[in-house]
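Reviewing the structure listed below.
Here is how names work: the chains are called A, B, and so on, in the same order as the sequence lines, proteins then strands, and each is numbered from 1. Keep in mind it's a predicted model, so treat the numbers as computed, not measured.
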There are 2 protein chains.
Amino acid sequence: MWRLYQFPLCPFSRKVRLLMGEKQIAYDMVREDPWAASDAFWNLNPAGRTPVLVEEVRGITLADSRAICEYLEETCEKTPMINGPAVMRAEIRRLVALFDENFYADVTAPLLSERMKKRLVLRQPPDSRALREAMKMAHGHLDYMDWLIDNRPWLAGSTMSLADLAAAAQISVADYLGGIDWNGHEQTRGWYAVFKSRPSFRPLLTERMDVIKPPAHYALVDM
Amino acid sequence: MWRLYQFPLCPFSRKVRLLMGEKQIAYDMVREDPWAASDAFWNLNPAGRTPVLVEEVRGITLADSRAICEYLEETCEKTPMINGPAVMRAEIRRLVALFDENFYADVTAPLLSERMKKRLVLRQPPDSRALREAMKMAHGHLDYMDWLIDNRPWLAGSTMSLADLAAAAQISVADYLGGIDWNGHEQTRGWYAVFKSRPSFRPLLTERMDVIKPPAHYALVDM
């Protein structure tokens, strides 16, 4: 049985959970708070980050969300998510990187810092200028997603792929933290509504993170 | 013919160049300065980052250094660099991420900011506290590499892999900018000396970046 070391609002843990859900791979979870990682956790992953996926019987420890996703894709044929010819696979991976790196740095990371870390760890009020900037950056990313969805059924092409899971993982955390203004993004809103109704997504949407409450629309499939 | 949009001190461009060198894939280069990316470049890569790899005749545009490396690995069998069973491939990708993300954020990015961007773009002196902190973080990363090389011939296992190329790419930029103190890191120094003598590495070591001069040992194979 796989054991996933994760954190409820870690978008990279969410990406792995969505992939394991789509592939119907069973796992249990251990919560690892990013502001209080244990020595044992640092030993599992010298980068000190969630997610880490462990299978004790076979002695397997996997770290880094993209390495984990590639491993699951290579070892579980069910519901392929990095699929197609090499150029298509490169497009899927380009978009995964765009959401993992750019969307995260521009939107998810500042929201987590202002709305979660400052509340739970630093006991400070959020910086409203930083929140406005993150929400402005989110509009830019959603504009690009709208454009992609105008041209393709799914973000990377004709079928759902890891690019969609990576985007949904980031957006779900940003939306939980009140950082997504859906006005003017009908294409992405429609894509995300379809996503929210998938069985792989339901467990994420029903979780709540300590005292931090999501906005009313967060878990509603019809927004 | 492949065309690589790159920047001489971009460690991600260097990783792709090392891989293309090892695989003996021909390409020409276009320099793209990160502080002056053209609209045409933003159209090639909405993330606005080097490297981008283009093949005009076949209409292929690849962006994101890890997506490019995976593509080259899938389409060119010569000198495999993400090789072995799935667990080994996951270990290679974990280490690539460690160097691309952690080493870059802790060491390479602050050195590029203090020693290159401030000199060429902002016309400011470097912040000596930020430089000391980056060099301290470099020691921590080199300690981990020393430990890996004590236990394995190459960083990820028994053969050279993309993990070695990713590490050498980051270290070569940090070393160019005077950020690596090799004292006390004999294992990594020996590994890097072997690397510097490879044909794939020579073109990188002989390049010079405008007015910024590397330290005397930078291009010496015997350090």
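- Atom CG of B:D39 is surrounded by 12 or fewer heavy atoms from other residues, nucleotides or ligands within 6.0 Å.
- To the nearest 0.5 angstrom, A:T61 atom OG1 is 9.5 Å from B:E91 atom CD.
- The shortest side-chain heavy-atom distance between A:E101 and B:D64 falls under the 4.5 Å cut-off.
- The most heavy-atom pairs under 4.5 Å with chain A, out of B:A97, B:A86, B:A90, come from B:A86.
- Interface residue A:R94: backbone and side-chain heavy atoms are both found under 4.5 Å from chain B.
- By the neighbour-count criterion of 12 heavy atoms within 6.0 Å, atom NZ of B:K118 is densely surrounded, having more than that number from other residues, nucleotides or ligands.
- Within residues 3-34 of chain A, no residue approaches chain B closer than 4.5 Å by heavy atoms.
- Heavy atoms from other residues, nucleotides or ligands lying under 6.0 Å from CD of B:Q124 number more than 12.
- The pair A:R93-B:E74 counts as a salt bridge, with a side-chain nitrogen and a carboxylate oxygen less than 4.0 angstrom apart.
- With respect to B:E70 and A:R66, no salt bridge is recorded, no charged nitrogen being found less than 4.0 Å from a carboxylate O.
- Between A:R49 and B:N102 the shortest side-chain heavy-atom distance falls below 4.5 Å.
- Of all the listed residues (A:I92, A:V87, A:V96, A:L62), the one sharing the greatest number of non-hydrogen pairs under 4.5 Å with chain B is A:V87.
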